[in-house]
Amino acid sequence: MKCRYYQRLDDGRVECQLCPHHCKIANGKTGICRSRRNVEGILVSEVYGKPCSLAIDPIEKKPLYHFHPGTTCLSLACTGCNFGCLNCQNHEISQVSPLEVGHYDLTPQQVVDLCLEHHCPGIAYTYTEPLTYLEYIVDMARLAHENGLWNILVTAGYVCQEPLSDLLPYLDAANIDLKSFSDDIYLKVSGGHLQPILDTILAMQKAGVWIELTNLIIPCVNDDKEMIREMCHWIVQNCLADNPLHFSRFFPKFKMLDVPPTPIHTLKEAKRIAQEEGIRYVYLGNV
């Protein structure tokens, strides 16, 4: 499937314009996400119509606690991610090539039909980084709305604003993983930058998307109390005090096997700070 967000360069490479990495990709190669390939000067999505994971989940698992609680959603994921988080919980499908993972063959209409067949009121694009297969999501999301279904995005939020604007009219709710409030930590742990995530949050808010935020607290990485307070202050200052904030407990995974699980008291302290700053709904996850 030909991608919608790229520019051809004079030397045969293409510049992907989906996310802030702006990967310049040589013929036959892929970008950081591993799922968008330059084929003779045309950028192609190798996962369009090829989800690697399907499940029916409670909506609280996303986590979304204030968006139609008690309902289910059809969860869908394709291979790939534009981050390389050292602590990735789904690295078996996010940090590999689509060629290394099995998949289903499902058109957008077939996904919508599957959702209706199983009486799920919405589709959740989740598990990996859904924004790396944005074209597939936009096509599914448009059909989902035509059939009265919700669209839910679970994302790290690393995307350029123009592509995001194509999705926003069809997006109903999102959980955004705000990994820290430090650009240095973002670069060190995930391989990206903070500001584009903040831009995504504000763009979704402006578009009327229901937002919940998740902050995974990793010991000795992003558990600094003042940084947590700064993050919470930004949330409140940007009129998100009524949007749930989920502090999630870290467990050793992927390339962070030597880091211990987050102490419960650290999570409780983060919750206390968030409430002091004015966030009204604070939840602890993985506890």
Side-chain angles (χ1 to χ4, degrees), residues 53 55 57-67 69-70 73 75 77 81 83-95 124 126-130 152-158 173-182 184-192 194 197 201 211-236 240-241 243-287:
S53 183
D57 290 326
I59 203 164
E60 289 83 0
K61 188 179 177 182
K62 297 303 99 189
L64 288 172
Y65 282 11
H66 290 207
F67 182 80
C73 52
S75 293
C81 185
F83 273 168
C85 298
L86 303 178
N87 59 298
C88 182
Q89 301 295 299
N90 290 317
H91 60 90
E92 299 91 346
I93 56 175
S94 69
Q95 302 298 315
T126 181
Y127 300 146
T128 57
E129 178 45 71
I152 299 161
L153 194 72
V154 182
T155 178
Y158 207 61
N175 186 290
I176 304 167
D177 189 7
L178 184 53
K179 297 177 183 295
S180 76
F181 214 67
S182 161
D184 289 341
I185 294 173
Y186 256 96
L187 193 59
K188 178 181 177 181
V189 176
S190 302
L194 169 62
I197 286 82
I201 293 170
I211 297 169
E212 301 193 21
L213 301 174
T214 295
N215 178 231
L216 177 73
I217 299 182
I218 306 173
C220 301
V221 174
N222 65 342
D223 58 352
D224 178 78
K225 293 179 183 179
E226 288 309 308
M227 185 175 65
I228 292 172
R229 187 176 296 279
E230 184 182 357
M231 177 184 72
C232 294
H233 181 75
W234 181 89
I235 292 170
V236 172
L240 290 161
N243 295 72
L245 172 61
H246 304 259
F247 287 115
S248 190
R249 191 183 189 199
F250 165 86
F251 287 95
K253 193 74 173 179
F254 196 32
K255 298 179 181 180
M256 280 193 169
L257 297 176
D258 57 340
V259 179
T262 315
I264 299 296
H265 68 79
T266 300
L267 295 171
K268 290 181 177 179
E269 180 66 10
K271 180 176 181 178
R272 183 189 65 79
I273 292 170
Q275 291 174 328
E276 281 184 357
E277 289 298 318
I279 298 177
R280 294 182 177 88
Y281 305 103
V282 187
Y283 302 100
L284 304 184
N286 291 346
V287 293

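Treat the numbers as computed from the prediction; the structure is a model and nothing was measured.
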Could you check whether any side-chain N or O of Asn243 sits under 3.5 Å from a backbone N or O of Leu213, counting only pairs where one atom can act as donor and the other as acceptor? no
Got Tyr186 and Ile197 here, is their nearest side-chain heavy-atom distance under 4.5 Å? yes
Rounded to the nearest 0.5 Å, how far does CD1 of Ile218 lie from NZ of Lys253? 13.5 Å
Could you check whether any side-chain N or O of Thr128 sits under 3.5 Å from a backbone N or O of Cys81, counting only pairs where one atom can act as donor and the other as acceptor? no
Taking every heavy atom of Val236 against every heavy atom of Gly278, the minimum-distance pair comes out as CG2-C, 4.0 Å
Please round to the nearest 0.5 Å and tell me the distance separating atom CD1 of Ile264 and atom CZ of Arg249. 4.0 Å
For the residue pair Arg272 and Lys268, establish whether any side-chain heavy-atom pair is separated by less than 4.5 Å. no
From Thr262, Asn286, Val282, Asp223, residue fulfilling side-chain contact (heavy atoms from CB on, under 4.5 Å) relative to Leu267: Thr262
For Asn222 versus Leu216, what's the shortest heavy-atom pair and its separation? ND2-O, 2.7 Å
Would you call the rings of Phe181 and Trp234 parallel, tilted or perpendicular, where under 30° means parallel and over 60° means perpendicular? tilted
Does some side-chain heavy atom of Thr266 sit less than 4.5 Å from a side-chain heavy atom of Pro219? no
Closest non-hydrogen contact found for Gly192 with Phe83 is CA-CE2, 3.6 Å
Pairwise distance CZ(Phe247) to SG(Cys232) - rounded to 0.5 angstrom: 4.0 Å
Hey, are the side chains of Asn175 and Pro63 touching, using non-hydrogen atoms and a 4.5 Å cut-off? yes
Does any non-hydrogen side-chain atom of Pro263 lie less than 4.5 Å from one of His265? yes
Side chains of Ile228 and Glu269 in contact at under 4.5 Å (non-hydrogen atoms): no
Close side-chain approach of His91 to Lys255, heavy-atom, < 4.5 Å: no
Taking all non-hydrogen atoms of both residues into account, name the closest pair between Lys62 and Thr126 and its distance. NZ-CG2, 3.6 Å
Can you name the closest pair of heavy atoms from Gln89 and Phe251 and give their distance? NE2-O, 4.0 Å
Between atom CD1 of Ile176 and atom CG of Leu153, what is the distance when rounded to the nearest 0.5 Å? 8.0 Å
Treating Asn215 as the side-chain partner and Lys179 as the backbone partner, does any N or O pair qualify as donor plus acceptor under 3.5 Å? yes
Shortest non-hydrogen contact between Leu64 and Glu212, atoms and distance: CA-OE1, 3.5 Å
Side-chain donor or acceptor of Asn87 paired with backbone N/O of Met256 under 3.5 Å: no
To the nearest 0.5 Å, what is the distance between SG (Cys88) and CD (Glu129)? 10.5 Å
Between Ser75 and Asp57: side-chain donor-acceptor atoms closer than 3.5 Å: yes
Are Tyr283 and His66 an aromatic pair, judged by ring center distance below 6.0 Å? yes
Apply the test side-chain contact (heavy atoms from CB on, under 4.5 Å) to residues Glu226 and Arg229: give CA-CA distance (whole Å), side-chain angles for both, the deciding distance (0.1 Å), then the verdict. CA-CA 5 Å; Glu226 288 309 308; Arg229 187 176 296 279; 4.2 Å; yes
Student check: side-chain heavy atoms of Met231 and Leu178 closer than 4.5 Å: yes
